[in-house]
Every structure is written in C-alpha cells, then in structure tokens.
Engineer: 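After the structure tokens below, expect a handful of questions from me.
Remember, it's a predicted structure, so these values are computed and weren't measured experimentally.
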Amino acid sequence: QVQPVESGGGSVQAGGSLRLSCAASGSIFSIDAMGWYRQAPGKQRELVATITGGGRIKYADSVKGRFTISRVNAKNTVYLQMNSLKPEDTAVYYCNVQKAIGETTFDYWGQGTQVTVSS
C-alpha cells in the first residue's frame, strides 16, 4: 500500500498563488507517475498535471502556463505550484500515485485538499 498525503490547500483571491505538496509513504518502491487531479462540485474528477519518475510531464490545457508540477524522487514528494489562480480552479485537489507491480499499474489517492479561489 502507498499512502499519499496532501497539504497546502486553502483560500485565495483570483490572481493569487498556492502550492500543494504530496508526500507518499508506505510501500513506495516501484512508484512511477505522481500527479494531481481535481474535482469541482457536480463535475467529474479531471487530470491537472502528472510527472513520471523520469520527469515526463503532462498538463491539462486549462492550467498550462499557470501551474507547474515538480517532483523530488528522493523524498517521494510531488508539488504543484499554482499561479494566476482563477475561480474556475476551485475544487478538491487529489494527489495520485501510480505503482507498477508486474504488468499491473495501481492507483493510490490522497484524501484531497480544498482549493477555493474567490473573484
């Protein structure tokens, strides 16, 4: 089992910044991708950004140029720097950790952290 634990959510006005952190603990060998997803009220969970162990990064189009994902492999920690926040960024943000066991990939989720952006 892998336990991702998020921190850093909160409330901010539009145009502001927040930084999310997620540290993975437990059975952390063979961790591959780490990333962030978000879910707004009444909407499906969506990808925000992911980063593989080798540093390959993917962003949602809606956050490109505003959000930056980074990772410290030695600490099994992933960060999300969110700048120029918009009210539509309001959501619960979930950390995701993927682990490969053989040919199967398992997803582990954090408990979520609320981000609220006011206009």
Side-chain angles (χ1 to χ4, degrees):
Q1 289 289 331
V2 177
Q3 293 85 41
V5 178
E6 304 108 336
S7 60
S11 297
V12 66
Q13 289 192 328
S17 299
L18 285 172
R19 188 188 193 214
L20 305 183
S21 300
C22 172
S25 62
S27 183
I28 57 177
F29 63 92
S30 297
I31 282 179
D32 186 17
M34 301 180 75
W36 295 93
Y37 290 70
R38 66 186 181 187
Q39 187 167 18
K43 294 188 177 181
Q44 290 188 332
R45 190 173 297 189
E46 63 177 4
L47 178 146
V48 177
T50 61
I51 182 169
T52 67
R56 187 171 69 249
I57 291 174
K58 180 178 180 179
Y59 290 106
D61 288 342
S62 60
V63 307
K64 284 180 180 177
R66 300 188 298 122
F67 291 11
T68 302
I69 191 169
S70 60
R71 174 173 177 169
V72 178
N73 288 332
K75 295 183 177 180
N76 296 300
T77 300
V78 63
Y79 304 94
L80 186 69
Q81 177 66 42
M82 304 185 293
N83 298 329
S84 302
L85 282 161
K86 304 176 180 180
E88 51 263 44
D89 294 317
T90 296
V92 178
Y93 284 69
Y94 295 92
C95 178
N96 170 265
V97 176
Q98 290 188 342
K99 176 175 175 176
I101 301 177
E103 295 183 354
T104 303
T105 298
F106 294 87
D107 286 283
Y108 299 91
W109 296 92
Q111 79 283 1
T113 185
Q114 178 70 46
V115 171
T116 302
V117 184
S118 58
S119 57

Engineer: Is there a path of hydrophobic side-chain contacts, each under 4.5 Å between heavy atoms, that joins F29 and V2?
Structural biologist: no
Engineer: Indicate the atoms forming the closest heavy-atom contact of N73 with G53, along with that distance.
Structural biologist: ND2-O, 3.3 Å
Engineer: Say you draw a straight line from CZ of R66 to CG of L85; how long is it, rounded to the nearest 0.5 Å?
Structural biologist: 6.5 Å
Engineer: Identify, with sequence neighbours excluded, every residue that meets side-chain contact (heavy atoms from CB on, under 4.5 Å) alongside K43.
Structural biologist: A40
Engineer: To check you understand the geometry: which heavy-atom pair defines the closest contact between M34 and C22, and what is its length?
Structural biologist: CE-O, 4.2 Å
Engineer: Could you state the interatomic distance from OH (Y93) to CG (L80), rounded to the nearest 0.5 Å?
Structural biologist: 7.5 Å
Engineer: Can you list every side-chain hydrogen bond (donor to acceptor under 3.5 Å, both in side chains) pair that touches residues 107-119, not counting sequence neighbours?
Structural biologist: E6-Q111, N96-D107, Q98-D107, Q114-T116
Engineer: With hydrophobic residues grouped by side-chain heavy-atom distances under 4.5 Å, do F67 and I57 end up in a single group?
Structural biologist: yes
Engineer: Kindly compute the distance separating OG1 (T77) from CZ (R71), expressed to the nearest 0.5 Å.
Structural biologist: 9.5 Å
Engineer: Assess the residue pair E88 and S62 against the criterion (side-chain contact (heavy atoms from CB on, under 4.5 Å)); give the C-alpha distance rounded to whole Å, side-chain angles, the decisive distance to 0.1 Å, and a yes or no.
Structural biologist: CA-CA 10 Å; E88 51 263 44; S62 60; over 6 Å; no
Engineer: Are Y59 and V78 connected in a single hydrophobic cluster, I mean Ile/Leu/Val/Met/Phe/Trp/Tyr linked by side-chain heavy atoms less than 4.5 Å apart?
Structural biologist: yes
Engineer: Quick one: CG on D32 to CZ on F106, what's the gap to the nearest 0.5 Å?
Structural biologist: 14.0 Å
Engineer: Shared ILVMFWY cluster between Y94 and V5, side chains joined below 4.5 angstrom?
Structural biologist: no
Engineer: Which heavy atom of G9 sits nearest to which heavy atom of V115, and what is that distance?
Structural biologist: CA-CG2, 4.3 Å
Engineer: To the nearest 0.5 Å, tell me how far I69 CD1 sits from K58 NZ.
Structural biologist: 12.0 Å
Engineer: Which is it for R38 and V63 under the side-chain contact (heavy atoms from CB on, under 4.5 Å) test, yes or no, and what are the steps along the way?
Structural biologist: CA-CA 12 Å; R38 66 186 181 187; V63 307; 4.0 Å; yes
Engineer: Within this structure, what is the OG1-CZ distance for the pair T68 and R19, rounded to the nearest 0.5 Å?
Structural biologist: 10.5 Å
Engineer: Closer than 4.0 angstrom, basic N to acidic O: yes or no for D61 and K64?
Structural biologist: yes
Engineer: Which heavy atom of S17 sits nearest to which heavy atom of N83, and what is that distance?
Structural biologist: OG-OD1, 2.9 Å
Engineer: List in chain and number order the residues that pass side-chain contact (heavy atoms from CB on, under 4.5 Å) with S25, two or more places apart in sequence or in another chain; answer none if no residue qualifies.
Structural biologist: Q3
Engineer: Answer yes if V12 and V48 sit in the same cluster of Ile, Leu, Val, Met, Phe, Trp and Tyr residues linked by side chain heavy atoms under 4.5 Å apart, and no otherwise.
Structural biologist: yes
Engineer: From the options E46, Q44, R45, select the one residue that forms a side chain to side chain contact (heavy atoms under 4.5 Å, CB included) with Y37.
Structural biologist: R45
